[in-house]
Amino acid sequence: RAHYGHAGPMFLEHLTASREEAMIHARSIVAGFLTTAERADDSGQVRRVGRRFAHVGAAGELAIAWGIVPWPPGSAVAAALALYKRWAEAFGRDAPREERDVLRRLRDVIQSERSAFAPVGDDDLTDGAEPSERGRDGEARGLKTYGYRHVRGGEVRYLFHDAGWQYVFRGFDLADAARIVNAAGYLETDNERRLKKSQKIRGEKQRLYCVKSTILEAPLGD
């Protein structure tokens, strides 16, 4: 209680006084941490989290070197590494775990929040009023949507705009999520295999993630 709040300002004082030297030291610590921590089958998300733990360990080692904390050298990295390994084993380190999490998140949002998709039909893909304001039955809809629900020849697609995609995959890398959905066969691409398709909905041209409704039947092990 007597010394609460001293360490942060002292750390910043040392960092600003010797920033270049500190960054060189920190990069070396991070590289050593990752060499020890990473495995060849780690998914992209696990590797990104590993870098965060590495940065925490490096900051702790700088604080030790500057005499800010009375810990033995190497103890901050050792603690960060132990916690990272515990987290990684609980989360799952290989790509299939991350892929299942992405697909589950997408499926669950579609299942639980269908009212957040403005319904459109084939005629709506050319002209008309803004679909997020009024449904096909003429009833007023909420302005907040994740995109559109398009029925085409008995098949259903969920067309996510960027804000809707960001909502679904908050905490994930958005581009990685799109690649995972595409690789699993649930995303429609354009003729050039781009992950977002250009669609003209009621007179407005947009680029959307077009998700097939077959994801609702995906065997995701739950």
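All residue numbers in this chain count up from 1 along the given sequence.
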Is the backbone of [Y] close enough, under 3.5 Å, to the side chain of [X] for a donor and an acceptor to pair up by distance?
| X | Y | value |
| --- | --- | --- |
| E38 | R47 | no |
| R51 | V30 | no |
| S18 | H14 | yes |
| H161 | T145 | yes |
| S112 | D108 | yes |
| E61 | A76 | yes |

Smallest separation among heavy atoms of [X] and [Y], with atom names:
| X | Y | answer |
| --- | --- | --- |
| L106 | V168 | CA-CG1, 4.0 Å |
| L216 | Q111 | CD2-CG, 3.5 Å |
| A58 | A26 | CB-O, 4.0 Å |
| L159 | C210 | CD2-SG, 3.6 Å |
| G50 | F33 | O-CE2, 3.6 Å |
| A178 | L187 | O-CD2, 3.7 Å |

Are the side chains of [X] and [Y] in touch, meaning some heavy atoms are under 4.5 Å apart?
| X | Y | answer |
| --- | --- | --- |
| R114 | Y158 | yes |
| D101 | F172 | yes |
| V151 | R149 | yes |
| W165 | V181 | yes |
| D42 | R39 | yes |
| Y146 | E113 | yes |
| E20 | H25 | no |
| K205 | S198 | yes |

Go through the structure and list residues passing side chain to side chain contact (heavy atoms under 4.5 Å, CB included) with R194, not counting sequence neighbours.
D190, E192, R207
Do the ring centers of F160 and Y209 come within less than 6.0 Å of each other?
no
Determine, for Y167 and R170, whether the Lys NZ or Arg CZ falls below 6.0 Å from the six-membered ring centre while staying within 45 degrees of the axis.
yes
Dump the intermediate steps for side-chain contact (heavy atoms from CB on, under 4.5 Å) on L208 and I201, then the final yes or no.
CA-CA 10 Å; L208 304 165; I201 298 180; 3.6 Å; yes
Would you please test E188 and K212 for salt bridge (charged side-chain N to carboxylate O under 4.0 Å, His left out) and show each step?
CA-CA 7 Å; E188 288 187 8; K212 302 173 186 177; 5.9 Å; no
Path from [X] to [Y] over hydrophobic side-chain contacts below 4.5 Å:
| X | Y | result |
| --- | --- | --- |
| W66 | I24 | no |
| F53 | L34 | yes |
| V56 | M23 | no |
| L195 | I110 | yes |
| L83 | V46 | yes |

With sequence neighbours left out, what residues match D176 under side chain to side chain donor-acceptor pair (under 3.5 Å)?
R48, R179
Hey, is CH2 on W71 packed in by over 12 heavy atoms from elsewhere, all under 6.0 Å?
no
Measuring from atom NZ of K197 to atom CG of N191, what distance do you get when rounded to the nearest 0.5 angstrom?
7.5 Å
If you measure from CD1 on I68 to CZ on F11, what distance do you get to the nearest 0.5 Å?
6.5 Å
Is there a donor-acceptor contact under 3.5 Å linking the side chains of Q206 and Y148?
yes
